[in-house]
There are 2 protein chains.
Amino acid sequence: MKKDSRLSSVLHALLHMAEREGPVTSEELAVCMHTNPVVVRRTMGLLRDAGLVVSARGSGGGWQIMADLEQVTLRQLHETLGEPAIFAIGNRNETPQCLVEQSVNAALDDAFAEAEALLLERFSRITLAELAAEFQRRHAAYRQGQA
Amino acid sequence: MKKDSRLSSVLHALLHMAEREGPVTSEELAVCMHTNPVVVRRTMGLLRDAGLVVSARGSGGGWQIMADLEQVTLRQLHETLGEPAIFAIGNRNETPQCLVEQSVNAALDDAFAEAEALLLERFSRITLAELAAEFQRRHAAYRQGQA
DNA sequence: CCGAATCGTAATAATCGAAGTTACATGAAA
DNA sequence: TTTCATGTAACTTCGATTATTACGATTCGG
Ligand code: FES
Ligand code: FES
């Protein structure tokens, strides 16, 4: 299956918005991310429903961040997106009768659960503010390289 | 994305084969796993190329394990299957110009790399022999429940 | 030798979810 | 009232696994 890149997308959009005064339109975000405004609205709509951003219609409208960058974690965003499946590998049959398959499933499920726990734990420790700071560092380094 | 269930499949097949004397046909494995013989051959073919099993054509043919159950790990099987993508979540663009996106990618890549390392480490510690033993335990418990 | 059993493999279809597109309605501002 | 912008449904496209069909190649038994 095609990978779910919405987490990456909303992070990109949120940081972009954080760098700007005033609302950003779906059209702008779509151009910047090489995608379609409707896709932006669909995904950002989930963040709006969670209260992380607000949208305004009509002239001068667009999207704005309502959350504290220090408080929003990657884990929270993952949850807001509906906790999509993390792994592209899984069991052939989730509820097998066969004891052989049950043993295999149990072993794999254990390993995946542990890796998922680690990933989510890391996600819960990364805030938007940290990503913004990391971007500032890269930006400064880039300008230094240019000068 | 549809999940890749080949690791689960080959484990099931290998344990099934380990419990049996003599070769097992693709047809038998396919019935047991509710799939198609051609799918079995495609997947088992990778294990054959890696020397883990042998296949014999013609009447009385089929598949047999050639590897030591104590030596074969889940990680080895994962590699044999071509190291398919582990995650169903990823970056929107793997080689972005935009520094914002580069920062996002770096943070996500780090977290995923760490989770992947943990998963592969666990995989490298689980052998076919251990899964077989786990099956034996379940089988014994099941018979006790029946008696 | 012949014929059934079995694997080997290419080519094609079915499937499933994310992403993209089109279309139109709704609401806000100039 | 015209224009800008979101809201959303419906549909298409895309990407990856899995399933199916078809046929060739090999091995065993009689
Ligand atoms: S060994 Fe496959 S169904 Fe039990
Ligand atoms: S912020 Fe999106 S392309 Fe740079």
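Bear in mind that the values here come from a model prediction, so they are computed numbers and not experimental data.
Distance alone, capped at 3.5 Å, is enough to place a donor-acceptor pair between the A/Q102 side chain and the A/Q97 backbone. Side-chain atoms of A/E130 come within 3.5 Å of backbone N or O of A/T127 as a donor-acceptor pair.
Residues A/F123 and B/L118 fall into different hydrophobic clusters, defined by Ile, Leu, Val, Met, Phe, Trp and Tyr side chains chained together at heavy-atom separations under 4.5 Å. One hydrophobic cluster, built from ILVMFWY side chains closer than 4.5 Å, holds both A/L99 and B/L14.
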Distance-only donor-acceptor pairs under 3.5 Å for side chains of residues 106-117 of chain A, two or more places apart:
unit_1 : atom_1 : unit_2 : atom_2 : d
A/D109 : OD1    : A/N91  : ND2    : 2.9
A/E114 : OE1    : B/R122 : NH1    : 2.3

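Judged as a ring pair (Phe, Tyr, Trp, His ring centres under 6.0 Å), the pairs with a partner in residues 124-147 of chain B (not counting sequence neighbours) are, in order, B/F135-B/H139. Within the structure, every pair that satisfies the salt bridge (Lys or Arg N to Asp or Glu O under 4.0 Å) test and touches residues 13-23 of chain A, not counting sequence neighbours, is listed here: A/R20-A/E28.
DNA chain C lies under 4.0 Å from no heavy atom of any residue of residues 102-111 of chain A. Shown for residues 5-32 of chain B: residues whose heavy atoms fall under 4.0 angstrom of DNA chain D, namely B/S5, B/R6. If you check residues 42-57 of chain A against DNA chain C, the residues with a heavy atom closer than 4.0 Å are A/R42, A/R57, listed by number. DNA chain D is contacted by A/V38, A/R41 of residues 33-41 of chain A, taking any non-hydrogen atom closer than 4.0 Å.
Whole-Å rounding puts the B/N91 CG to C/dA19 P distance at 12 Å. Atom C1' of nucleotide D/dG15 and atom NZ of B/K3 are separated by 18 Å, given to the nearest angstrom. Atoms CD (A/Q64) and C1' (D/dA5) sit 14 Å apart, rounded to a whole Å. Between B/L81 atom CG and D/dT17 atom P there is a gap of 11 Å when expressed in whole angstrom units. Across the protein-nucleic acid pair, A/I89 atom CD1 and D/dT17 atom P stand 10 Å apart, rounded to whole Å.
Comparing B/P84 and A/G61 along DNA chain D, the residue whose closest nucleotide (by nearest heavy atom) sits nearer the 5' end is A/G61.
Applying the side chain to side chain donor-acceptor pair (under 3.5 Å) criterion to B/E121, with sequence neighbours excluded, gives B/R125. With sequence neighbours left out, A/R42 forms a side chain to side chain donor-acceptor pair (under 3.5 Å) with no residue at all.
Grouped by direct or indirect side-chain proximity (heavy atoms under 4.5 Å, Ile/Leu/Val/Met/Phe/Trp/Tyr only), A/M66 sits with A/V54. In this structure, A/V39 stands alone, with no Ile, Leu, Val, Met, Phe, Trp or Tyr side-chain heavy atom under 4.5 Å from its own, directly or through other members. In this structure, B/V38 stands alone, with no Ile, Leu, Val, Met, Phe, Trp or Tyr side-chain heavy atom under 4.5 Å from its own, directly or through other members.
Taking 3.5 Å as the limit, the base of C/dT15 and the side chain of B/K2 contain a donor-acceptor pair of atoms between them.
The shortest non-hydrogen separation linking A/G90 to B/S8 is O-CB, 3.7 Å.
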